[in-house]
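This report refers to the structure that appears directly beneath it.
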Amino acid sequence: MKSLDKKKLIKIFAELYPDPQSELNFKNDYQLLISVILSAQCTDKKVNQVTPTLFKSYPNFKQLALAKVNEVENIIRAVNYYKTKSKNIIATAKHVTEEHRGKLPVTRQALEALPGVGRKTASVVLSEKGIEPAFPVDTHVFRVSKRLGLAESDKRDKVEEEVKQAFTPSLWRELHHWLIFHGRRVCKANRPLCSSCALNKMCPSSLS
Ligand code: SF4
């Protein structure tokens, strides 16, 4: 990071978004993992629309492991890539039931071994559970980090490293949520609302 005042950025973000939490609705480890898998390349809003029925029909890994693919597809149809995700969440539920006695794995290696779970999904779970500091880079985090000058790379894993090096690990989780909140509400992909953005005086990409 070059010129951005990190302390000021954190202060503004903390004032703008005092409760930086996931916008996915989940009540336990099972619901967390399945919701995060479903949220890949899909909005949290759409995921939250389908998960109440999904979790009512299949309340734990064991029950989901026994589900029929077409029945899960019917429930999660509103979610992007619902066919692939239906297969993945059933396969993941089987793996967790058989290899981890129905309990959420708590290491990055074990999480990334699950079908449909890549680095970002594992990072979200590790971060949300407080298992280890992580900085998941989704499309909002990637875009806003670059616009703010927090990272320069065009590769997600490099952006992750650049931002992690610039901030203490105890801030990664909050910063991840702040960047998502800001990307969804203000620093939008096609039309960033720079004139009303609280960061426009310090942002190197400000259009206002
Ligand atoms: S000033 Fe514009 S580009 Fe910079 S963070 Fe705000 S909305 Fe995004």
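First listed ligand is number 1; within each ligand, the first listed atom is number 1. Remember, it's a predicted structure, so these values are computed and weren't measured experimentally.
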Grab the two heavy atoms, one from [X] and one from [Y], that are nearest each other, plus how far apart they are.
X	Y	answer
G102	F61	O-CD1, 3.4 Å
P115	A91	CG-CB, 3.6 Å
N25	T51	O-OG1, 4.4 Å

Exercise for review: Give the atoms of ligand 1, by number and element, whose distance to some non-hydrogen atom of N200 is under 4.0 Å.
Suggested key: 1 (S)
Practice item. Tell me whether C197 has at least one N, O or S atom under 2.8 Å from atom 6 (Fe) of ligand 1. Key: yes
Practice item. May I ask you to decide if the ring planes of H182 and F13 are parallel, tilted or perpendicular, using 30° and 60° as cut-offs? Key: perpendicular
Review point. Closest non-hydrogen protein atom to atom 8 (Fe) of ligand 1, residue and atom name please, with distance?
Key: C187 SG, 2.4 Å
Check your understanding: To which protein heavy atom is atom 4 (Fe) of ligand 1 closest, and what is the distance rounded to 0.1 Å?
Key -> C203 SG, 2.3 Å
Check your understanding: Taking 2.8 Å as the cut-off, does an N/O/S atom of C194 lie below it from atom 8 (Fe) of ligand 1?
Key -> no
Exercise for review: Take atom NZ of K146 as the centre, draw a 6.0 Å sphere, and report whether it contains more than 12 heavy atoms from other residues, nucleotides or ligands.
Suggested key: yes
